[in-house]
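Below: the structure, in structure tokens.
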Amino acid sequence: MGMASANSGGSEGMELCIFDLRRGQQEGQELDKILFFFPADLPFSTQLSVIGLSEGLITFTRIFSPEAACEVIEAERHSHVFYEAEPDIWMVMVVEKSKEAEAIWRVEALREVLKEIHSLFMMFYGPVREMLEKDPSGGQIRSHLYPFVMDYLSDFLVGKKIQLPSFRDCLKECGTVQMLTVGREAAIEVQSLVRVLESGAGATHCYSLILFQDLLVSTTLSPDDTINLFAYAVQRLSPRALSSGVSSWSYLRRGSTPSHVVVGPTFATVSVSDQFHQLHATSPSQDNSYHVKRPLQHNRWSKGKDGFLVTDIWGTETGSLIPSTPTIWLQQTGERMYLCAYQYKSLTLILLVPLSSILNGEQGVSLVKQQVLENASLKILKVEEKLSKGWGGENAYHVSGYRYLLIDDDRNVSRASPPAKVTTLAKESLLAMSKLREEVDLEKSRSKWDNADRDKDLEICIRAKNNAWVIARTNRGKELYMVLERANETLLYASDAFERFSDRVPLLASSGAVALGGQLIHVIILTEIKVVIVGHRLLGVRFLLR
């Protein structure tokens, strides 16, 4: 259904659509509900078929779960991934299943892609619903969504294929920030710099975000705003992004993927690369009467002589050739802010100043930048020097013998083995970890609607086909995933290695009692045998039928 009619020649495919359930409810007006559709040149009848099927699934599942409609529907040939970005504004990704092992993905990782698209769109343009209310015809929102989503997807383009997050990305986490560990002296210097930055701007509600390399050092923003700005800064503003000229988006494409690996399905009936090239000419969904900023375009930022980053994405000031200062919207406060980014060597500082506090437009912004340079230059030099001395390089957080991912959901922070180290893992190990994370995702989804189980601790150990140990532990909003390929064959050896690592990482330090009588649940899958242990007592052995 839906996608089946879009396929040609049996090729794999992926479709992405955004639609409004409040629009197009009358006969003959069905097209009004479509806000974005990719591939854009599919016949409208096919687009309506996909959206109609999605709408039917949403309506049906709401009968059983009014507060939370479906998140994913697994059909025989397709996975339908749903995300309600705003009330009645839905994003749906339909991915065709493939027999190729490389096309195995985690559903939650695909949903995170949809979430990130919407979060970044809101940061630059505000809520979708507000744009629809300002222009009920839908022309404005369509003219903004098409180039924005296409620019976002271009970062996943490998040749003529889209590289969706696959099992090879199982030790990465979207929607989190990666932080730099700093010493006490450096932390004091950073705090002093933040005070100078925000006080020197002269506004009452300034915010700042500081990065070293691609790692977060300091932020005074809310967690959601920090995640959005951090993702954009790493991929468009960091020294690496500016110097390479080719950026990869978010957590998915950091590091190097082996050249022989092609991950993710191709698109049906159309050449993906052709559609991206067409975007530079005429957009099938774009009305040229709207002035559309494209903040996700590549190679549009550069470093000025004064150290501040400049771009012409936001156009120029009226009657002048001076580029306009970029602006963003804060999710927590709804304020519109000037974005002023300064860079010195590996240090990137972002200062957000409310538009309401700057009376003279670009002249006032220039004055703020001048004050920052006068008041904070020496502190910037000192902070960069201290952080550089304490920086251990790209492998600073590598732990020999371990391949791991740490997640703190409460703080939206993650830390993982360097991508180059993860690529050394065997395919079987990565496949086992991907399946393990899928199980944990399901358990977290169940617990979300059951308050009694919210604090349940979970530990799962899997013996992969290549005899590697794949382990997951969740503990009060904190998660640790680990692959041990050189571990001994015994479970005790793997458990001891896991504990040694846990003791070194305060992120997952155990505290307090846990559910189920204060005992951890261990589930160990050994080929055809499933062993269940509560605490240290063997409850039973169950043979699995294949």
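The analysis underlying the following values was restricted to heavy atoms, covering all of them including side chains, and did not include hydrogens, waters or symmetry mates. The model shown is predicted, which means the values in this text are computed figures rather than measured ones.
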Inset, instruction - Decide, yes or no, whether a salt bridge links E108 with K115 under the criterion of side-chain N to carboxylate O below 4.0 Å. - result: yes
Inset, instruction - For D225 and S222, test the side chains for any donor-to-acceptor distance below 3.5 angstrom and give the result as yes or no. - result: yes
Legend entry - Salt-bridge present (K444, E479; N to O < 4.0 Å): yes
Legend entry - Carboxylate-amine/guanidinium contact E173 R437, below 4.0 Å: yes
Inset, instruction - Decide, yes or no, whether a salt bridge links E499 with R473 under the criterion of side-chain N to carboxylate O below 4.0 Å. - result: yes
Legend entry - Minimum heavy-atom distance between L197 and A376, given as atom pair plus value: CD2-CB, 4.1 Å
Legend entry - Salt-bridge present (E428, K465; N to O < 4.0 Å): no
Inset, instruction - Establish, from distance only, whether the side-chain atoms of T181 and R415 form a donor-acceptor pair under 3.5 Å. - result: yes
Legend entry - Over 12 foreign heavy atoms within 6.0 Å of CG, L378: no
Inset, instruction - Taking the six-membered ring for Trp and the full ring for Phe, Tyr or His, determine whether the centres of Y404 and Y481 are under 6.0 Å apart. - result: no
Inset, instruction - Answer yes when R106 and D441 have at least one side-chain N-carboxylate O distance shorter than 4.0 Å, and no when they do not. - result: yes
Inset, instruction - Would you mind telling me which of V383, L180, V194, L351 makes a side chain to side chain contact (heavy atoms under 4.5 Å, CB included) with I210? - result: V194
Inset, instruction - Would you check if the side chain of S154 reaches a backbone N or O of D151 as a donor-acceptor pair within less than 3.5 Å? - result: yes
Inset, instruction - Give a yes or no on whether the backbone of L430 and the side-chain of S434 come within a donor-acceptor separation of less than 3.5 Å. - result: no
Inset, instruction - Would you mind checking if R403 and E485 are paired as a salt bridge, meaning a charged N to carboxylate O distance below 4.0 Å? - result: no
Inset, instruction - Indicate yes or no: does E439 engage K435 in a salt bridge with an N to O separation below 4.0 Å. - result: no
Inset, instruction - For the pair R236 (side chain) and W301 (backbone), establish whether a donor and an acceptor sit closer than 3.5 Å, ignoring hydrogens and angles. - result: no
Legend entry - With E438 via side-chain hydrogen bond (donor to acceptor under 3.5 Å, both in side chains) - residues at least two apart: none
Legend entry - S119 (side chain) donor-acceptor with N228 (main chain) under 3.5 angstrom: no
Legend entry - Geometric cation-pi criterion R111 and F82, 6.0 Å radius, 45° cone: no
Legend entry - Between CG on residue L53 and CD1 on residue I58, distance to nearest 0.5 Å: 9.5 Å
Inset, instruction - Please step through side-chain contact (heavy atoms from CB on, under 4.5 Å) for the pair L16 and I117, ending with a clear verdict. - result: CA-CA 11 Å; L16 175 61; I117 291 174; 4.2 Å; yes
Legend entry - Counterpart residues, salt bridge (charged side-chain N to carboxylate O under 4.0 Å, His left out), relative to R195 (two or more places apart): none
Legend entry - Donor + acceptor pair across side chains of K345, S388 (<3.5 Å): no
Legend entry - W90 versus A69, closest heavy-atom pair with distance: CH2-CB, 3.8 Å
Legend entry - Nearest heavy-atom neighbours spanning Y344 and I380: CB-CG2, 4.0 Å
Inset, instruction - Heavy atoms only: give me the nearest L153-I162 pair and the separation to one decimal. - result: O-CD1, 3.8 Å
Legend entry - 4.5 Å side-chain heavy-atom contact, M14 and V94: no
Inset, instruction - Classify the side-chain pair H118/E86 by whether it contains a donor and acceptor separated by less than 3.5 Å. - result: yes
Inset, instruction - List the steps and the verdict of side-chain contact (heavy atoms from CB on, under 4.5 Å) for C17 and M91. - result: CA-CA 6 Å; C17 57; M91 304 175 70; over 6 Å; no
Legend entry - Closest contact, heavy atoms only, L436 versus I471: CD2-C, 3.7 Å
Legend entry - Close side-chain approach of L216 and L209, heavy atoms under 4.5 Å: yes
Inset, instruction - Count the heavy atoms belonging to other residues, nucleotides or ligands that lie under 6.0 Å from CD of E74, then report whether that count exceeds 12. - result: yes
Legend entry - ring-ring contact (aromatic ring centres under 6.0 Å, His included) partners of F498, counting only residues at least two apart: none
Inset, instruction - Classify the angle between the aromatic ring planes of F501 and Y402 as parallel (below 30°), tilted (30 to 60°) or perpendicular (above 60°). - result: tilted
Inset, instruction - Give a yes or no on whether the backbone of P66 and the side-chain of R62 come within a donor-acceptor separation of less than 3.5 Å. - result: no
Inset, instruction - Decide yes or no for I407 and L480: does some side-chain heavy atom of the first lie under 4.5 Å from some side-chain heavy atom of the second? - result: no
Inset, instruction - Enumerate the residue pairs fulfilling side chain to side chain donor-acceptor pair (under 3.5 Å) with a member in residues 391-401, sequence neighbours excluded, ordered by first and then second residue. - result: R240-E394
Inset, instruction - Output, in order, the C-alpha distance, side-chain angles, deciding distance and verdict of side-chain contact (heavy atoms from CB on, under 4.5 Å) for F167 and M433. - result: CA-CA 8 Å; F167 69 94; M433 175 55 75; over 6 Å; no
Inset, instruction - Please test S417 against L405 for side-chain contact (heavy atoms from CB on, under 4.5 Å), starting from the C-alpha separation and ending with a verdict. - result: CA-CA 7 Å; S417 293; L405 169 65; over 6 Å; no
Legend entry - Check: D155/H298 side-chain N/O donor and acceptor closer than 3.5 Å: yes
Inset, instruction - For A494 and L484, work out which heavy atoms get closest and say how close. - result: O-CD1, 3.9 Å
Inset, instruction - Please determine, by modelled atom types, if Q213 and S238 share a side-chain donor-acceptor pair under 3.5 angstrom. - result: no
Legend entry - Donor-acceptor contact below 3.5 Å, side chain K386 vs main chain V190: no
Inset, instruction - Taking side-chain contact (heavy atoms from CB on, under 4.5 Å) as the test, write out the residues that go with I188, two or more places apart. - result: R184
Inset, instruction - Supply the atom-to-atom distance H78 NE2 to I73 CD1, rounded to the nearest 0.5 angstrom. - result: 14.0 Å
Inset, instruction - Check the side chains of T176 and N412 for a donor-acceptor pair under 3.5 angstrom, ignoring hydrogens and angles. - result: no
Inset, instruction - For the pair S65 (side chain) and T61 (backbone), establish whether a donor and an acceptor sit closer than 3.5 Å, ignoring hydrogens and angles. - result: no
Legend entry - Side-chain heavy atoms of Y152 within contact of V113, under 4.5 Å: yes
Legend entry - Close side-chain approach of M93 and E15, heavy atoms under 4.5 Å: no
Legend entry - Flag for S429-N466: side-chain donor and acceptor within less than 3.5 Å: yes
Inset, instruction - Any chance you could measure S346, atom OG, to E384, atom CD, to the nearest 0.5 Å? - result: 5.5 Å
Inset, instruction - Indicate, with yes or no, if the rings of Y232 and F124 have centres closer together than 6.0 Å. - result: yes
Inset, instruction - Could you grab the distance from atom NZ of K421 to atom CG of L171, nearest 0.5 Å is fine? - result: 14.5 Å
Inset, instruction - Could you check if a side-chain atom of L458 sits within less than 4.5 angstrom of a side-chain atom of E443, using non-hydrogen atoms only? - result: yes
Legend entry - R411 and M179, any side-chain heavy atoms less than 4.5 Å apart: yes
Inset, instruction - Indicate yes or no: at least one non-hydrogen side-chain atom of D214 is less than 4.5 angstrom from one of L211. - result: no
Inset, instruction - Mind checking side-chain contact (heavy atoms from CB on, under 4.5 Å) for L492 and listing every partner two or more places apart, or none if nothing turns up? - result: T490, D496
Legend entry - Whether D169 side chain and S166 backbone form a donor-acceptor pair below 3.5 Å: yes
